[in-house]
Amino acid sequence: MRLMPVALAALIGFSYVSVPATAKAAEADPLVASICDYVKANDKNRLRKKLKESRVKLRQIYSGISCDGQSLLRTAYGANANDAGEFVAKRLSVTELSVPEADGMTIQAWAEGNGHGASPITAAIKERSGAAAGGEEE
């Protein structure tokens, strides 16, 4: 007799614990979709606001974001979203900027190889990389 209330309490407790995890996973997809849309639209202000509302830092989630199979910075290059791309580049760590992506190229090497060497996004990446390497400011 005593087993039934304990089992019922355990079932309620476990269902309560699992709901937030499922809800959190469901929240992630709209967040990624919104971030991708704001980058494609070159809407830096909405991107910043969405990140702040969601209480996430771009450098913590950057590697997990893929927009149409491309990284966030490559998406910005493809959409000529210079403002949003610069914002993203300035929020990432130098380590993240120097990590090779799926094709084995770093974002800077890819940009220069695909004709984006003169882009403001590339300039922001170079500035970020140069500042960390102890480069002099001009």
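These figures come from a predicted structure and were not determined experimentally.
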How close do [X] and [Y] get, heavy atom to heavy atom, and via which atoms?
X: S54; Y: L31; result: OG-CD1, 3.2 Å
X: N82; Y: S119; result: OD1-OG, 3.6 Å
X: I121; Y: L73; result: CG2-CD2, 4.0 Å
X: K126; Y: Q108; result: CG-NE2, 3.2 Å
X: R128; Y: S93; result: NH2-CA, 4.0 Å

Tell me, do [X] and [Y] make a side-chain contact under 4.5 Å, heavy atoms counted?
X: L51; Y: I35; result: yes
X: L72; Y: L58; result: yes
X: T75; Y: C36; result: no

Using atom types as modelled and distance alone, determine if a side-chain donor or acceptor of [X] lies under 3.5 Å from a backbone N or O of [Y].
X: D43; Y: Y38; value: no
X: T122; Y: H116; value: yes
X: N42; Y: A84; value: yes

Parallel, tilted or perpendicular, as decided by the 30° and 60° cut-offs, for the rings of W110 and Y77: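 Ring orientation of Y77 relative to W110: tilted.
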
Reported CD1-to-OG distance for the pair I107 and S129, which is rounded to 0.5 angstrom: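 Reported value, rounded in 0.5 Å steps: 11.0 Å.
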
Rounded distance [0.5 Å steps], CD1 in I125 versus CD in E86: 10.0 Å

Residues R46 and E53 bridged, charged N to O under 4.0 Å: no

Lys/Arg-Asp/Glu bridge criterion (N-O < 4.0 Å) met for D68, R74: no

Donor-acceptor side-chain pairing of S71 and E101 below 3.5 angstrom: yes

